[in-house]
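Below you'll find the structure, written out as structure tokens, and then a few comments.
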Amino acid sequence: MALKNPISRIIAKAWVDDQFKRDLLANPKDVLKSEGIDIEDDIEIAVFENTAKKKHYVLPENPQNRPLTDADFEIAIAAGATSSDGNCL
């Protein structure tokens, strides 16, 4: 079964190709571009690998680019403020 999502293909490739994974971790922007992902020159990319002993959580940018109010916190807490896999705060 061919993976249509380019990020899914890159993840699968990194799982089976150790050199590709090392390159992806060391030079993510170059590797992603070489895999057909369009990335603007002024965008910085970081790729981290979760392991059994180390997890990474992504703190999304504040979409309103302002400090959160108490009401914002209450909404975020009520919504769970995480993705379904728990990897995004």
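Below, all heavy atoms of this structure are taken into account, side chains as well, without hydrogens, waters or symmetry copies. Positions are given from 1 along the sequence.
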Hits for ring pair (Phe, Tyr, Trp, His ring centres under 6.0 Å) against Phe20, two or more places apart or cross-chain, chain-then-number order -> none
Leu25 vs Lys21, side chain to side chain contact (heavy atoms under 4.5 Å, CB included): CA-CA, chis, key distance, verdict: CA-CA 6 Å; Leu25 292 168; Lys21 179 170 73 172; 4.0 Å; yes
Tell me every residue that passes side chain to side chain contact (heavy atoms under 4.5 Å, CB included) with Lys54, counting only those two or more places apart in sequence or in another chain. Thr51, His56
Using the rule that Ile, Leu, Val, Met, Phe, Trp and Tyr join whenever any side-chain heavy atoms are under 4.5 Å apart, tell me whether Ile10 and Val16 fall into a single cluster. no
Between the CG atom in Leu24 and the CZ atom in Phe48, the distance rounded to the nearest 0.5 Å is 11.5 Å
Below 3.5 Å, can you tabulate the donor-acceptor pairs from side chains in residues 32-45 to any protein atom, sequence neighbours excluded?
{"from": "Lys33", "atom 1": "NZ", "to": "Asp41", "atom 2": "OD1", "distance (Å)": "3.1"}
{"from": "Ser34", "atom 1": "OG", "to": "Val31", "atom 2": "O", "distance (Å)": "2.7"}
{"from": "Glu35", "atom 1": "OE2", "to": "Lys13", "atom 2": "NZ", "distance (Å)": "3.0"}

I need the Arg22 CZ to Glu49 CD distance, nearest 0.5 Å. 11.5 Å
Ala46 and Pro28: which non-hydrogen atoms are nearest, and at how many Å? CA-CG, 4.3 Å
